[in-house]
Amino acid sequence: KTVSATDGTFIFPDLSPGEYTYYSIGGTYSVKPGTINVTEDPSYLELTLEKAATIKGVIKDDQGKPVEGLHVSAEESSAKTDSEGRYIIKGMPAGSFHVSAFGNGYVQKEDNNDKEVQCEAGKEVERNLTVIKSGSLNLQVELADKNDEMPKELNVGFGRKTGRNSSDTSYKSELGKDGVVVFKNL
């Protein structure tokens, strides 16, 4: 994090050479996210500030009740829902963003996944979501060679077919000595 000088310049000292991603979080103005390759020679980047957009909405469960304490995110910006299920994400640049909500034993209902919000500079856009209770999977693992020692961790990829869409997600969990692992919040 850095603050601009009165002439609008920023200096990020002591960066290791390599590729960096830049974006803005919160505030009245925003910049369109991007990347820059920093070398040993001074690197320069010119950014144009525009009025930031705001995404707001209400998160309810499948019974229509507001859900408090959920994590709601759009790109690198996020917010938590209040006791009435409301959230506000400020400082968004213009563009199209996927908004997701999860936490406290809830995951986003699948019919929300295809809808992105279109943010315009200086405007407010509303995106309400529905969440459902998350599921879990108990997995029993056996070793093909009974002389091998059970690993301490297990990485498992799951693919889920949901109508015309499919999603692959990788989960990591500790593996019990008995070969049982539980994946929660699926």
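We count residues from 1, following the sequence as given.
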* Asked: Going from NZ on Lys51 to CD on Glu120, what distance comes out if it is rounded to the nearest 0.5 angstrom?
  -> 15.5 Å

* What are the two closest heavy atoms between Gly85 and Pro66, and how far apart are they? -> N-CB, 3.7 Å

* Asked: Should Asn104 and Val67 count as side-chain neighbours, where that means a heavy-atom distance under 4.5 Å?
  -> no

* **Rounded distance [0.5 Å steps], CG in Leu70 versus CD in Gln108** => 10.0 Å

* Close side-chain approach of Val131 to Val107, heavy-atom, < 4.5 Å -> no

* To do: Measure across Met92 and Ser30 and return the closest heavy-atom pair with its distance rounded to 0.1 Å.
  => O-OG, 3.4 Å

* CD1-CG distance between Ile36 and Leu45, expressed to the nearest 0.5 angstrom -> 4.5 Å

* **Backbone of Gly105 reached by a side-chain donor or acceptor of Ser134 within 3.5 Å** => yes

* Is it the case that one hydrophobic cluster holds both Tyr20 and Tyr22, taking links as side-chain heavy atoms less than 4.5 Å apart, direct or via other members? -> yes

* Where is the tightest heavy-atom contact between Ile55 and Ala74, given as atom of each residue plus distance? -> CD1-CB, 3.9 Å

* Point-to-point distance, once rounded to the nearest 0.5 Å, from CD1 of Ile132 to OG1 of Thr130 -> 10.0 Å

* Asked: How far apart are the closest heavy atoms of Ser96 and Gln118, and which atoms are they?
  -> CB-OE1, 3.4 Å

* Rounded distance (nearest 0.5 Å) linking atom OG of Ser100 with atom CG of Leu129 -> 8.0 Å

* Think Lys133 forms a cation-pi with Tyr106, using NZ or CZ under 6.0 Å from the six-ring centre and within 45 degrees of its axis? -> yes

* Roughly how far, to the nearest 0.5 Å, is NE2 of His71 from NZ of Lys80? -> 7.0 Å

* Residue Glu126 excluded, over 12 heavy atoms near CD under 6.0 Å -> yes

* side-chain contact (heavy atoms from CB on, under 4.5 Å) partner of Tyr87, chosen from Val58, Ile59, Asp82 -> Ile59

* Structure fact -> Heavy atoms of Thr81 and Glu68 approach each other most closely as OG1-C, 3.3 Å

* Structure fact -> Taking every heavy atom of Pro93 against every heavy atom of Pro33, the minimum-distance pair comes out as CG-CD, 3.8 Å

